[in-house]
Amino acid sequence: MKAVELKKAYDPKDFEDRIYAEWKNNGMFSPMAEDNEDGEHFSIVMPPPNVTGILHMGHALNNSLQDILIRYYRMKGLPTLWVPGTDHAGIATQHIVEKQLQEEGIRRQDLGREKFLERTWQVKEKHHDIIAHQLEKIGTSCDWEHERFTMDEGLSKAVRECFVTLYEKNLIYKGEYLVNYCPHCGTALADDEVDHSEEAGKLYDILYPFSDGSGNITIATTRPETMFGDIAVAVNPEDERYKDLVGKWVNLPLTGRKIQIITDSFVSLEFGTGMVKITPAHDPNDWECGKRHNLEIINILNSDGTLNDNCPEKYRNVPAYDARAMVAADLKEQGYLVKEVDYNHEVGHCYRCNTIVEPYLSEQWFVSMKSMADKALEAWQAGDVKFYPKKWENTYSHWLTSIKDWCISRQLWWGHRIPVWYCDACGEMIVAREDPSECSKCGSKNIRQETDVLDTWFSSWLWPFSTLGWPEKTVDFTRFFPTSTLVTGYDIIFFWVARMIMASLEFVGEVPFKDIYITGLVRDKTGRKMSKSLGNGIDPIEVVNEYGSDAMKFTLSYMATQGQDIMIDMDSFKFGSRFANKIWNATRFLLMNMEDRNLVDKKDFKLNVFDKWIYFRLNEAARKVEESMKSYRFNDGASAIYDFFWNDFCDWYVEASKPKMYSDDETVKDQTISILLDLLAESMRLMHPYISFMSEEIYSKLPNTEGNVINTSYPEWSEERNFAAENDLVLNLQEVIRGIRALRGELQISPEKRIKCIIRVDISDSKSDFLNNQTDLLKIFLNANEIIIDIDKSSDISGAVPVAGSGFESFVFVKDAIDVEKEIAKLENEIIKSEKNLNGTNKKLSNEKFMNNAKQEAIDKELSKKAEFEEVIAKSNKHIALLKTL
RNA sequence: GAGGGUGUAGCUCAGUGGGAGAGCACUACGUUGACAUCGUAGGGGUCCCGAGUUCAAAUCUCGGCAUCCUCACCA
């Protein structure tokens, strides 16, 4: 073989893009063919990012984890499908386009709906390319052939099927309700699209004079401007203070309109004055109260959040917030404002633009959720869906238990237009799967479509099956639905996860995925959420540019412990990068030593103890990765790979192989490099899900591999490699070496100083035989010039410094550099520690209850501990005596 | 107001009913034929506090304290 030269330093830029293109262009992300369409499969639908958004670390995290799962199961040989895609993000995308228009000095209304949508599609295409490119940069091995967009033809058909079906089932209705309305976005929002946060405001006490001139009452409010919509004043029926006032009329200041005092039990006796102004059109509680008492409703807002013609002229067209100050000032001037105190209260904000949300009375479309929520709860109770970690099931069940109807109409243009038509001739409302050309009742052509569009989530809740072709019974749908696992963040458990389960049960009759892995949140080093407004985010693309996609994925997965948020900064990714560099260099070392070697056939490998040990460790690592995939403990898999490759393979096995690599015996050299390359190739397979690009790059350079690592088989635990006995032998050897190394370190013996060691073993057994055969290796690891394995304890140890171990003692000859006092103190310390331990152990062993109740295993363990502690104490005492003779 | 998470080394965090762990940082030594993005060794912890269960608790239970989050909100 010829040596292969690798660049001295790992540089992911050299190969990541190239390899991604190779994979993609060769269809390696597509599901493999199979005969049996109903066979076992593994599929994931990617949570669709906002098409006009930019990937943030949260996306990088959840796509990294999905990628690990997909690559693992792909290598396991399952037909594997990862569906990528984006959603149309109604509000956000419309914003972007409107902002562009604004810069050009036009409004969308000037353009008209059709032209506006054309333009929005162009914007969508441009942004789509950005986000798709970002997904490629971070290495996602999703099947681009299956990419979907929520407004694709097929998905739009699914949305319409869903809407019409729910309407037919009487689960969709239209009505005038008080909804959350964002004046900035100009649209209604669902309840969960409103974020509540504390806002500094004022609590105003205002006098409302009795109409008969007999005095005043005082009401308290935080929003005085809404008084133009007041229709009553309510007190608690139990409130003795106001019993006599019920039924009396008061005049509204500033307008003089008369309203009556009524009773309603929702009024708190303690808060404020115990008197509440009732404004049904502008407060949810008042709305409910108004319904109970059949009160008139006065809407005082325009759709842009300014006061309307129901208000006195001077306030008209003034934004509500500004009107508040005006009203307060006017009330004060006219003597109606008796008190004004600072008051912090929770105010709803639009989750897209953070504008204060107004309760706003309007005609909207709703989905009746109760029946679907019940089914979704039942499915969870039956164990059809499982959350990892389990704690999120509380969030899920709590939300479903207290669910409210879902407002799905949005006053936007970008989105799925509601498939409802109104006939201007006869007033008929037509809800149809196909666009009608005439009224189904009177035949008039004079029909017009509903102008509102649907909430974006109304399309994404169909994502797991609409992307696979539903409502058509496609091959993809039959093969890959239900999907296997959903990986997402906890912030969208209600928005999306619960709704997908509901939709799937409703339309397909089964859950859309079995396992739901909820990732932690990516935070900065101080624990704050990464957000645009704080400016503390890290751009995943910058991470990739600086450290590479492999380093990013490995770092994130190593930190992805279940239920924990991940705190990182840019430097955190050095961790993965260092590991990648280590792998790179180990490979580089092996490849440069291939020169003139002949590859030995694997079945002719003659394995020694060390070889068996490393195969055992590899075997265990494969088992750990398998367990971690099954339990979604990604960090366990990452640690297993890290520990195996660095601590076992590089630090011990490669080091132990060096003497053989430089041997004079060509056969030994061939055999040694062959096994090393075999281990290296298998390591690449082992780590491919976590370290994808480099493992592919290295795999392709190895002389003992064919094809790509991405679609080769994954290492599996096998009984044949379960060399537990050999593992024990090597662990023992490591202990011997570590003991002597520690002594070297403590005695400050310079690394180049070669030493003589005598190693006494207590009994003659396989361990001593093994040690006896490893003197060359011990010399290397210890930089010793003489190693004596002293089985019959006949060697002269005078003048040597002793090291105690379990089952052995080592004696190191270093006359020059010993601080006897220090050594003795160290041993005395050791004795104290061991005596303390021995004490504890003896206490347990002499405790009848322990002996009677403890598992035999625990008792045996205590017994062996006792022996070990006694041995250490005895040896240490002996060694102290020995040191004193020096 | 309701619910939940977290509290282990200086930092970021694993872990576990039975002898306290990793990475980073730190200290010492080292450029020995891949890797200084490295190697070898070392220091460093009442496992938040208190009680209970148990033969045994850092681990399980309860109660505090601290911190973070989610949901619901009273004008």
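Letters go in sequence order (proteins before strands), and every chain restarts at 1. Heavy-atom basis, side chains included; hydrogens, waters and symmetry copies ignored.
No contact: Lys836(A) has no heavy atom under 4.0 Å from any strand. Residue-level contact check: Asp643(A) touches neither bases nor backbone, having no heavy atom under 4.0 Å from any strand. Contact annotation for Lys861(A): base contact, defined as any heavy-atom pair under 4.0 Å involving a base atom. Nucleic acid contact class of Glu752(A) (heavy atoms, under 4.0 Å, all strands): none. Nucleic acid contact class of Asp651(A) (heavy atoms, under 4.0 Å, all strands): sugar-phosphate only. Residue Tyr204(A) is out of contact with every strand shown, counting any heavy-atom pair closer than 4.0 Å.
A cation-pi arrangement is present between Lys658(A) and Phe589(A), with the terminal nitrogen or guanidinium carbon under 6.0 Å from the aromatic centre and inside a 45° cone about the axis.
With sequence neighbours excluded, the residues satisfying side-chain hydrogen bond (donor to acceptor under 3.5 Å, both in side chains) with Asp342(A) are Lys202(A). Lys849(A) meets the salt bridge (charged side-chain N to carboxylate O under 4.0 Å, His left out) test with no other residue; sequence neighbours excluded. The side-chain hydrogen bond (donor to acceptor under 3.5 Å, both in side chains) test applied to Arg241(A) returns Asp239(A), not counting sequence neighbours. In this structure, Asp195(A) has no side-chain hydrogen bond (donor to acceptor under 3.5 Å, both in side chains) partners at least two apart in sequence or on a different chain.
With a heavy-atom cut-off of 4.0 Å to chain A, the contacted part of RNA chain B has its first and last nucleotide at rG5(B) to rA75(B).
Within residues 568-583 of chain A, the residues approaching RNA chain B are Phe575(A), Ser577(A), Arg578(A), Asn581(A), Lys582(A), by heavy-atom distance under 4.0 Å.
A donor and an acceptor atom, one from each side chain of Asp230(A) and Thr279(A), are located under 3.5 Å apart.
Screening Trp406(A), Trp380(A), Phe494(A) for a ring-ring contact (aromatic ring centres under 6.0 Å, His included) with Trp399(A), the sole residue that qualifies is Phe494(A).
Rounded to a whole angstrom, the distance from the P atom of rA9(B) to that of rA22(B) is 13 Å.
Using the Watson-Crick or G-U wobble rule with both distances under 3.5 Å, rC24(B) pairs with rG10(B).
Comparing Ser402(A) and Leu269(A), the nucleotide of RNA chain B nearest to each residue sits closer to the 5' end for Ser402(A).
No more than 12 heavy-atom neighbours from other residues, nucleotides or ligands sit within 6.0 angstrom of NE2 on His398(A).
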